[in-house]
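Starting from 1, each residue takes its place in the sequence as its number. Indexing begins at 1, ligand by ligand and atom by atom, following the structure's order. Both backbone and side-chain heavy atoms feed into the values below; hydrogens, waters and symmetry mates do not.
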Amino acid sequence: MENQGRNRKRLVLVPGPFQGHLTPMLQLATILKSKDFSITIAHTQFNSPDSSAHPDFTFLCIPDGLSEEEVRNPDLIAVVLRLNVNCESSFRECLTRGTNRMEPGDKICCIIYDALVYFSEAVARDLKIPSVVLHTISAATTIVRPILLQLKTQGHIPIPDSMLQVPVPLHQPLRFKDLPLSNFGSLDYFLEVVALTYNLRSSLAIIFNTIYCLEESPLAQLHQRYQVPIFPVGPLHKLAPTSAVSLLQEDTGCIPWLDKQTHNSVIYVSLGSVAHLNQDQLSEMAWGLANSKEPFLWVIRPGSIPGSEWIESMDEEFKECVKDRGCIVKWAPQKKVLAHEAVGGFWSHCGWNSTLESICAGVPLICQPCFGDQKVNARYLTHEWRVGLELEGEIERGTVERAIRTLMKEKEGEEMRQRVFDLKHKFDVSTGDGGSSCHYLSKLVELLTSL
Ligand code: UDP
């Protein structure tokens, strides 16, 4: 399979070790493979992808030196910092010595790395290999992140209550409360990662999993700031639809359940691969869903409710009340779910992949951002593209019930459905022949071929 490609140009792609980062990088790899590049995925041991699902790529495992204890650390930012420190020398060694079916001296024309694993750029620079960075967050989030660093030097972090509702100058529609602060562990660690991922260093270009028509203004600002080519080639899942990327096992049993539901009747609920819920939030979500009387498909990841394996702590009364009207799974085939005609709404944490997938499927959203870039995405969804309703503040069953009714049954929801449908159409045009994403993809391939 791989490596009849001896004469092909080899790209080494380094994904970030979380679902929302692995997915777009593997999709990009699939697309570049189809453009005749040889592909090596260089990944950390932590959250390593399933190599057997990608026989066309070679895989290079970078020893990351994380202890059992570090792997279990809920402060993911601390994990990211540690990985970047640990992997720099081991990645350099992997590339110079050659392991895992990559021959020493195998000509690598470029290293494409996720902004989160910035150690890759240091190695590329050292070995004089050109590098290109992939941002798996929106252009809007990328452009506002440095504001957090300014606020820190002005002594405004944590952001004072009096500033929360104030618009961020020049960054309509964001308020200071929408800025992408993390709620993991140490704030100083987080700001360190922001500073490090914001710095382009020697990279030749930036790839974004976004679409020109959706983020024209932030993309233009980024171009001014960085002065290197920027390639908005998204949504990558539309250009690489068959790529198998899940770290968790998908439960496809929800599809026959969806088949039994009527058109646009189901609200799909998922808070992505990282967010956690406490028992109160779980209970308020559950009773909001139950009281709405609408059918729902709910993803609850094992371990996402501290103190519970899965949903054993859930109210029996709730289970009795919803019976077959609700389907709860550990992990869903999300893109298939969103494309299913029974799904009429997505109650989402607004991770960037979920945001793009929902728009591509023409599904309006209830936005419940938890932290980081989700807050920026939610604000854009609700106040710029106007295809979602925002759930603000603490989750409360009455608010949830009203939001579901509004989205699924009322004129306001219908108008959002129409707008997201129009946006979906624009995405179709952008990813079709002659569309902007295809144009930028050709430009990217031209650049990589020239190296
Ligand atoms: N996802 C999935 N099944 C699920 C929940 C999520 O396949 O049950 C996928 C979803 O399609 C998306 C990714 O996981 O591609 C989540 O990425 P996102 O950027 O939305 O959020 P994150 O998990 O990084 O917070």
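- Inspection of the Tyr113 and Ser203 side chains reveals an N or O donor paired with an N or O acceptor under 3.5 Å.
- The N/O atoms of Gln19, backbone and side chain alike, include none that comes under 3.5 Å of an N/O atom in ligand 1.
- Here's the thing with Glu250: none of its N/O atoms is less than 3.5 angstrom from an N/O atom of ligand 1.
- Within ligand 1, counting atoms from 1 as listed, the ones closer than 4.0 Å to a heavy atom of Gly272 are 23 (O).
- Taking distance alone, with nitrogen or oxygen atoms compared against 3.5 Å, Ser270 stays at or beyond that limit from ligand 1.
- Side chains of Ser217 and Gln221: a donor on one and an acceptor on the other come within 3.5 Å.
- In this structure, the protein non-hydrogen atom closest to atom 19 (O) of ligand 1 is Asn353 ND2, 2.8 Å.
- Near Val299, meaning under 4.0 Å from any of its heavy atoms, are these atoms of ligand 1: 8 (O).
- Within the structure, the closest approach of Tyr268 to ligand 1 falls below 4.0 Å when heavy atoms are considered.
- Of the protein's non-hydrogen atoms, the one nearest atom 15 (O) of ligand 1 is Glu357 OE2, 2.7 Å.
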#### Entry: From CA spacing to verdict: side chain to side chain contact (heavy atoms under 4.5 Å, CB included), Ser354, Phe346
CA-CA 9 Å; Ser354 296; Phe346 182 9; 3.8 Å; yes
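- Classified by interplanar angle (parallel below 30°, tilted 30° to 60°, perpendicular above 60°), the ring pair Phe57/His54 is parallel.
- Residue Gly351 has at least one heavy-atom neighbour below 4.0 Å for each of these atoms of ligand 1: 18 (P), 19 (O), 20 (O), 21 (O).
- Among protein heavy atoms, the minimum distance from atom 25 (O) of ligand 1 is reached at His349 NE2, 2.9 Å.
- From the protein, the heavy atom lying nearest to atom 3 (N) of ligand 1 is Ala332 O, 2.6 Å.
- Counting protein heavy atoms only, atom 9 (C) of ligand 1 is closest to Trp331 CZ2, 3.8 Å.
- With rounding to the nearest 0.5 Å, the separation of CG in Asn209 from CG in Leu356 is 5.5 Å.
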### Query
Can you check side chain to side chain contact (heavy atoms under 4.5 Å, CB included) on Gln368 and His349, steps first, answer last?
CA-CA 5 Å; Gln368 187 193 320; His349 70 311; 5.8 Å; no
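- Atom numbering of ligand 1 starts at 1 in the shown order; those under 4.0 Å from a heavy atom of Ser273 are 22 (P), 23 (O), 24 (O).
- Looking only at protein heavy atoms, the nearest one to atom 24 (O) of ligand 1 is Gly20 CA, 3.5 Å.
- Using a 4.0 Å cut-off to heavy atoms of Trp352, the atoms of ligand 1 that qualify are 19 (O).
- Geometrically, ligand 1 and Ser354 share a nitrogen or oxygen pair separated by less than 3.5 Å.
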